[in-house]
Amino acid sequence: MAVGEGAARTGAASGSFRAPRGYARALCRHPAALVAHAVLLLIVLVALFASAYPVDPLQQDLMSSLMPPSLRADPIFGSANALPPFLGTDSLGRDLASRIALAIQISFAVATLAVGIAVVVGVPLGLLSGYFGGTIDSVVMRLVDALLSLPFVVLAIAVVAAVGSGLVNVALVLGLTGWVTFAKLVRAEVLQIRESTYVEAARATGCSHARILVLHVLPQTVGIILVNATLTMGQMIMAEATLSFLGLGIPLPTPTLGGILSDAQQTFFAGWWIVVFPGIALILVVLSINVVGDFLRDYFDPRVRM
Amino acid sequence: MTAPLVEVCDLRTYFTGGRRGAKTAGSAGTERRRYQRFVSRSGRVRAVDGVSLAIRPGETYALVGESGCGKSTTGRSILRLVEPTSGSVTFDARDVLAAEPAELRRLKREMQIVFQDPYSSLTPRMRVRDIVAEPLIVHRMAERSAARREAARLLDLCGLPAATLRRFPHEFSGGQRQRVAIARALATHPRFIVADEPVSALDVSIQAQILALLDDLQGEFGLTYLFISHDLAVVRATANRVGVMYLGKIVEESDTGPFFADPGHPYSRALLSAVPRENPDDRRERILLSGDIPSAAHPPAGCRFHTRCPLVTERCRREEPHLETWPDGRRVACHVVKGPYRADPPRSARDGVTDAR
């Protein structure tokens with residue numbers, strides 16, 4: 001009993017981690033979140049094993065151009081592919097299922113890299129800014145304000161146009177604009193934590209500022225960082241798709257969700273599937289990530305009883 | 001009389017506007033700017049305003065007073081968790097307030113603190129073993145594994161079984177957490193511990209256990225305590241000497257026995273009369289103080305207690321009384337009460353101090 005009470009109090013005080021068993025239980029009570037977790041898991045598996053799909057996503061076959069979705073193993077024009085075009089083919093006869101799978105993999109790669117960069121840049125800046133205040137705080141927060149005042153996509157287009165496209169460049173651009181939310185959130189959290197008695201106790205012990213920041217402050221912000229990383233992931237995938245759609249993302253012939261959709265706009269009167277399937281894929285990816293992110297946010301928010 | 005271990009002289013700690021802002025060393029700048037508007041209106045909060053006290057080795061000195069009278073700030077100022085505005089603090093003849101960072105770190109090995117609320121004073125995502133071992137690692141007194149062994153020994157000493165070493169603070173009850181906090185304070189073998197209301201967040205049944213633990217540890221390690229409390233029953237049970245604070249100043253300082261038998265300052269009498277008595281036939285009159293404690297940003301002129309004092313005179317409103325030593329050794333700051341209380345109290349004021357027994 002005392003243990004349960006203690007856990008509740010800690011949750012209320014700091015929003016720290018709860019037991020994984022509690023996570024599963026909370027998940028069972030939120031069917032939408034449960035479905036989103038399942039979908040996301042599926043999508044991640046697809047992304048991880050995209051290269052294992054036996055059909056080459058880059059193999060053009062003009063004879064099989066714009067084939068509708070089919071379960072027939074041996075299409076009319078005798079494609080050499082091992083699997084039927086479940087989701088149809090595009091105008092160059094490339095297998096759409098295999099292209100979408102690889103595109104999801106690329107999307108996750110870019111978004112993960114971008115979120116990683118955003119965390120690595122934003123979290124330390126937020127920590128320092130919130131903990132020390134003063135000049136550091138003013139400089140970082142003015143930078144954040146400046147970045148937030150620029151339309152994100154316009155900025156990304158300008159930078160990519162300047163430094164050139166490519167997976168790493170796109171991730172860098174997204175990461176170096178996406179860190180602001182991490183910095184702001186972590187700073188707000190640290191403003192509270194630095195006034196807590198346990199930080200005062202650490203100072204009374206004689207801990208250095210660095211030690212206090214890393215061992216006493218940072219661990220308390222892990223929850224909020226995780227939640228924001230998840231939500232940012234969805235945004236990054238969407239942003240990457242936007243850039244690729246505009247031809248500023250990952251260069252051809254690498255398939256990306258935005259790139260496939262961009263190709264499709266020239267031919268989609270001839271075949272609905274080249275728009276619908278990548279569109280659905282993009283929606284599912286972003287939607288499931290956002291629902292999972294919202295669930296995590298509620299889960300880590302001590303004011304919401306789950 | 002032995003030389004005092006801790007000597008505080010005319011200590012003043014003022015907060016400009018954001019009290020919180022002034023607490024964290026690095027942040028004073030922004031907070032000050034942010035609160036500038038309010039500062040100009042409300043002035044500085046004089047949380048501690050000229051406190052002098054001397055704590056002898058091995059004794060327990062209790063600071064008592066209402067919430068907001070500055071007793072916690074006094075304790076924190078002595079440890080420099082709050083930077084005092086002026087005054088001096090010496091520990092074992094070393095100047096604490098002038099100590100450079102390196103010297104301050106050494107001092108922190110010898111001066112520790114136990115906080116009031118054990119629910120917020122332990123880092124949530126740290127195992128108790130690491131919480132207790134941290135001071136040893138920080139002060140390079142032991143390597144990680146040795147520090148952990150020492151932590152286990154200290155936790156055992158404070159009454160926590162070895163099976164709990166790897167647990168997190170939230171898995172403990174309040175009393176157990178306070179034991180962890182005490183073990184942490186003991187880790188570096190300090191000589192002086194500020195106990196800032198160490199039992200007021202705990203159940204009464206647990207309070208006695210923690211007080212007994214503090215008492216045992218004092219005997220075993222020869223500790224000196226500055227015991228901050230608003231609970232006079234607790235003070236009576238633990239302290240050798242008592243200092244009564246009111247609005248940032250000490251108004252009376254006395255040995256515990258005489259203090260509880262016959263408090264000198266009118267404020268002390270009011271405080272003591274508010275303590276519930278065990279004997280229902282005890283018909284001592286309750287002294288009800290009217291009004292609130294005045295703002296520490298605008299303390300009243302003259303004696304700070306004059307707005308609520310039942311014995312107030314014209315002089316009290318004009319002139320601030322200083323601590324005067326009475327024949328029995330206690331120090332009292334009052335213009336009216338000038339000596340030990342006799343059986344025949346002045347009945348002049350209708351609601352006067354009638355501590356007749």
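Hydrogens, waters and symmetry mates are skipped; everything else that's a heavy atom, side chains included, is used. It should be emphasised that the depicted structure is a prediction, and the values quoted were computed from it without experimental measurement.
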Scored by heavy-atom pairs under 4.5 Å with chain A, the best of A187(B), G174(B), S120(B) is S120(B)

Just by distance, with hydrogens left out, do E134(B) and T205(A) show a side-chain donor and acceptor under 3.5 Å apart? no

Interface check, chain A: of T188(B), V138(B), T123(B), most non-hydrogen pairs under 4.5 Å belong to T123(B)

**Prompt:** Looking at D130(B) and R148(B), does any basic side-chain N land under 4.0 Å from a carboxylate oxygen?
**Reply:** yes

TODO: Check whether any side-chain heavy atom of R76(B) sits under 4.5 Å from a side-chain heavy atom of F115(B), and report yes or no.
DONE: yes

**Asked** S77(B) and T13(B): side-chain donor and acceptor closer than 3.5 Å?
**Response** yes

d(N228(A) CG, T181(A) OG1) to nearest 0.5 Å is 4.0 Å

Applying a strict 4.5 Å limit to non-hydrogen atoms, the region of L107(B) in contact with chain A is neither

So, the part of L215(A) with a heavy atom under 4.5 Å from chain B: the answer is both

Under 4.5 Å to a heavy atom of chain A? For R184(B) that would be side chain

Bottom line for I113(B): the part with an atom under 4.5 Å from chain A's heavy atoms is side chain

